[in-house]
Amino acid sequence: MLKFDVITIFPDIFKGFVEESLLARGQAKKLIKINLHNLRKWANDKHQTVDDRPFGGGPGMVMKVEPIMKAVKAVSSKTSKKTKVILFSPRGKKFNQEMAKKWAKLDQVVFICGRYEGVDERVADYLADEVVSIGDYVLNGGEVAAMIVMEAVSRLVPGFIAKKESAEKFDHAQFTRPEQLVIGKKKISVPKVLLSGDHKKIEEWRDGHK
Ligand code: ADE
């Protein structure tokens, strides 16, 4: 079983996603397990503060290192070495399918979801194994990134997707009924080759329409 441990100040953002999607089925089948952790649990004051002003000044707040350090320690596997700690940041290495494949073989992936204007750099330097971005744009935080990565990785856990060959297919163009459709003034037909029954030709057409 692959365990995901998500450290976030917004665990509720994940609720529908993990309870309603294929991820719910994956959990029911005990192929994956998603644990949501509220970072504030590891804050050490009565206001449960997890951010502070940046040294050197400037606008915005920075997520503090100690609560994250305690959280990572508390949730990290004490028995398995096949585990990774990922910090989400727009400054990280771009996530791709190769990374998803590697992580699907682990026992545990811990996600640290950054928020606010940044995270104390010691989290990236000393606590995370990798800093990961899901693309060249800036989100409000790492929560959506964590959902995307969890979904891409879970699909590659054996048994998660019933048809193994579907799990990694970068889809080609597809059509289903009706064979003909009127859109505006145009009558559109699906490509004839797909109705030909000639499997070799169909494969060739699909290769050309990825
Ligand atoms: N946090 C904010 N923007 C992000 C991005 N593009 N990828 C991962 N985490 C982020």
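What you are looking at is a predicted structure, and each value in this text was computed from that prediction instead of being measured.
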Test log, rule side chain to side chain contact (heavy atoms under 4.5 Å, CB included), inputs His37 and Trp42: CA-CA 10 Å; His37 306 281; Trp42 289 282; 3.8 Å; yes
Lys30 side-chain N/O to Gly26 backbone N/O, donor-acceptor pair under 3.5 Å: no
Test side-chain contact (heavy atoms from CB on, under 4.5 Å) applied to Thr79 - qualifying residues, sequence neighbours left out: Ser77
Closest contact, heavy atoms only, Ser189 versus Gln180: OG-NE2, 3.2 Å
Step-by-step side chain to side chain contact (heavy atoms under 4.5 Å, CB included) determination, Lys82 to Leu106: CA-CA 5 Å; Lys82 284 166 66 182; Leu106 297 173; 4.3 Å; yes
Stepwise side chain to side chain contact (heavy atoms under 4.5 Å, CB included) test for Val72 and Val123: CA-CA 10 Å; Val72 169; Val123 175; over 6 Å; no
Could you pull out all donor-acceptor pairs under 3.5 Å where a side-chain atom in residues 84-91 meets a protein atom, sequence neighbours excluded?
residue: Lys84; atom: NZ; partner: Glu130; partner atom: OE2; Å: 3.4
residue: Ser89; atom: OG; partner: Arg91; partner atom: N; Å: 2.9
residue: Arg91; atom: NH1; partner: Glu121; partner atom: OE1; Å: 3.1
residue: Arg91; atom: NH2; partner: Glu121; partner atom: OE2; Å: 3.2

Glu168 side chain to Gln97 backbone, donor-acceptor under 3.5 Å: no
Sequence neighbours excluded and cut-off under 3.5 Å, please list the side-chain donor-acceptor pairs for residues 13-24, or say none.
residue: Lys15; atom: NZ; partner: Asp12; partner atom: OD1; Å: 2.9
residue: Ser21; atom: OG; partner: Phe17; partner atom: O; Å: 2.6
residue: Ser21; atom: OG; partner: Leu23; partner atom: N; Å: 3.2

Any side-chain heavy-atom pair of Asn44 and Lys70 under 4.5 Å: yes
Glu143 to Ile9 - nearest heavy-atom pair and separation: OE2-N, 4.1 Å
Within 6.0 Å of CD in Glu179, more than 12 heavy atoms from elsewhere: no
Val65 side chain reached by Tyr126 side chain, heavy atoms, under 4.5 Å: no
Within-4.5 Å side-chain heavy-atom neighbours: Ile68 and Ile7: no
Flag, side chain of Thr49 to backbone of Asp51, donor-acceptor distance under 3.5 Å: no
Under 3.5 Å donor-acceptor, Gln27 side chain and Ile34 backbone: yes
Closest non-hydrogen atom pair, Leu156 against Ala167: CD2-O, 4.2 Å
Sidechain-backbone polar pair: Arg155 side chain, Ser166 backbone, donor-acceptor under 3.5 Å: yes
Minimum heavy-atom distance between Ser80 and Asp107, given as atom pair plus value: OG-OD2, 2.5 Å
Common cluster, Phe175/Ile202, ILVMFWY with side-chain heavy-atom separation under 4.5 Å: yes
Crowding at NZ, Lys78 (>12 non-hydrogen neighbours, <6.0 Å): yes
Test item: side-chain donor near acceptor, Lys94 and Asn96, under 3.5 Å: no
Salt bridge present between Lys200 and Glu204 (N-O < 4.0 angstrom): yes
Taking every non-hydrogen atom, the tightest pair across Pro54 and Val62: CB-CG2, 3.7 Å
Stepwise side chain to side chain contact (heavy atoms under 4.5 Å, CB included) check, Leu2 with Ser154: CA-CA 8 Å; Leu2 171 55; Ser154 296; 5.7 Å; no
Closest non-hydrogen atom pair, Ala100 against Val153: CA-CG2, 3.9 Å
Flag side-chain contact, heavy atom, 4.5 Å: Arg115 against Leu39: no
Side chain proximity check, Val119 to Ile112, heavy atoms < 4.5 angstrom: no
